[in-house]
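When reading the values below, keep in mind they use all heavy atoms of this one structure, side chains included, and skip hydrogens, waters and symmetry mates.
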Amino acid sequence: MLQYLYLLFLLSCSLVLEVMFRSVGLYVPLTAFAVFYTACLGGLVPGILFGFIAGFLQDSLLGCTAPVSMLLYPLLLPMVWFLKEEHLNANSLLFQMGFGSLTVILVQLPAVPFRSGWQVTLELLPSLFLASLFAAILLPVFILIADRFSGALRLQTYERCFSVGKERD
């Protein structure tokens with residue numbers, strides 16, 4: 001129970017920070033990182049629920065007319081399935097950076113033409129590219145910070161979640 005309260009707190013903080021950054025024009029997918037972290041620790045079903053809730057809240061806080069993000073956050077979950085099936089190395093820095101970069105493409109890029117049109121999408125491509133590079137650096141840092149707090153609370157961490165599967169073999 002405490003694990004889910006911590007994940008809900010992490011999701012709330014990420015959501016508030018992302019809305020604050022978006023209000024000044026910075027695309028930082030902190031909510032997508034929190035949904036990914038939740039799905040890794042809690043499983044796919046809590047990841048889907050947290051993704052729907054986070055997307056709806058994000059669209060509501062940003063004043064969007066259609067809840068597009070609510071439908072885009074579950075696109076992050078197939079990667080978690082590959083991690084759970086041990087097809088990918090979850091603790092690899094290269095994987096974390098690649099997935100961090102991919103979150104901008106999966107979550108933020110498809111919503112822009114729906115909300116603003118193709119002209120705005122073409123104008124925002126350079127900033128989305130920079131956001132993708134920044135997200136590649138930020139996801140490993142996000143996982144490190146979230147694991148540090150989770151470890152201090154004696155809860156399951158991302159590192160222990162995927163290292164346990166390797167120790168069983």
Side-chain angles (χ1 to χ4, degrees), residues 7 10-23 25-146 158 161-162:
L7 292 174
L10 183 68
L11 184 70
S12 300
C13 290
S14 299
L15 184 65
V16 167
L17 285 173
E18 184 172 347
V19 168
M20 287 173 44
F21 285 136
R22 278 261 188 110
S23 68
L26 296 173
Y27 292 101
V28 183
L30 293 174
T31 307
F33 295 163
V35 169
F36 172 72
Y37 190 81
T38 299
C40 287
L41 267 58
L44 292 177
V45 174
I48 290 171
L49 292 175
F50 275 55
F52 282 143
I53 292 168
F56 179 75
L57 288 175
Q58 182 183 18
D59 286 337
S60 297
L61 291 173
L62 290 173
C64 300
T65 56
V68 177
S69 297
M70 187 171 89
L71 302 174
L72 294 175
Y73 279 121
L75 292 176
L76 302 171
L77 301 178
M79 193 67 69
V80 176
W81 180 77
F82 281 123
L83 290 176
K84 294 289 185 182
E85 294 294 321
E86 298 178 3
H87 296 299
L88 299 171
N89 184 7
N91 292 323
S92 166
L93 182 64
L94 186 61
F95 164 76
Q96 291 175 3
M97 290 178 74
F99 187 72
S101 177
L102 191 62
T103 56
V104 174
I105 296 168
L106 288 175
V107 175
Q108 292 178 342
L109 183 61
V112 174
F114 183 75
R115 292 181 182 141
S116 305
W118 289 102
Q119 182 67 25
V120 175
T121 304
L122 293 174
E123 291 174 7
L124 287 177
L125 279 180
S127 65
L128 289 174
F129 176 73
L130 289 174
S132 181
L133 290 177
F134 186 65
I137 297 168
L138 195 60
L139 179 62
V141 173
F142 182 88
I143 291 172
L144 181 73
I145 292 170
Y158 178 88
C161 181
F162 293 109

* Asked: In Å, rounded to the nearest 0.5 Å, how long is the span from CG of L61 to CE of M20?
  -> 12.5 Å

* Ring centres of F52 and Y73 under 6.0 Å apart? -> no

* **Approximate separation, where rounding is to 0.5 Å, of I48 CD1 and I53 CD1** => 12.0 Å

* Dump the intermediate steps for side-chain contact (heavy atoms from CB on, under 4.5 Å) on Q58 and R22, then the final yes or no. => CA-CA 10 Å; Q58 182 183 18; R22 278 261 188 110; 3.4 Å; yes

* L133 side, atom CG; L128 side, atom CG - distance, nearest 0.5 Å -> 11.5 Å

* **Euclidean distance, L139 CG relative to Y37 OH, rounded to 0.5 Å** => 11.0 Å

* To do: Could you tell me whether the side chain of S60 and the main chain of F56 form a donor-acceptor pair under 3.5 Å?
  => yes

* **Validation row: Q96, F36 side chains within 4.5 angstrom (heavy atoms)** => no

* May I have the step-by-step check of side-chain contact (heavy atoms from CB on, under 4.5 Å) for L106 and L76, ending in yes or no? => CA-CA 7 Å; L106 288 175; L76 302 171; 4.2 Å; yes

* Donor-acceptor side-chain pairing of T31 and E18 below 3.5 angstrom -> yes

* Which heavy atom of P29 sits nearest a heavy atom of A135, and at what distance? -> CG-CB, 3.9 Å

* **Heavy-atom closest pair, residues G42 and P46** => O-CG, 3.5 Å

* Could you give the distance from OG (S69) to CG (L57), rounded to the nearest 0.5 Å? -> 11.0 Å

* Those residues that, when tested against F33, pass ring pair (Phe, Tyr, Trp, His ring centres under 6.0 Å) (two or more places apart) -> F142

* Walk me through it: do V104 and F134 pass the test side-chain contact (heavy atoms from CB on, under 4.5 Å)? => CA-CA 10 Å; V104 174; F134 186 65; over 6 Å; no

* How close do A39 and L77 get, heavy atom to heavy atom, and via which atoms? -> CB-CD2, 3.4 Å

* To do: Without swapping roles, check the side chain of D59 against the backbone of V68 for a donor-acceptor pair under 3.5 Å.
  => yes

* Worked check of side-chain contact (heavy atoms from CB on, under 4.5 Å) between L102 and M79 -> CA-CA 10 Å; L102 191 62; M79 193 67 69; 3.9 Å; yes

* Main-chain N/O of L10 paired to S14 side chain as donor or acceptor, under 3.5 Å -> yes

* Indicate yes or no for a side-chain donor-acceptor contact from T103 to the backbone of G100 under 3.5 Å, with no hydrogens or angles considered. => yes

* To the nearest 0.5 Å, tell me how far L30 CG sits from L11 CG. => 11.0 Å

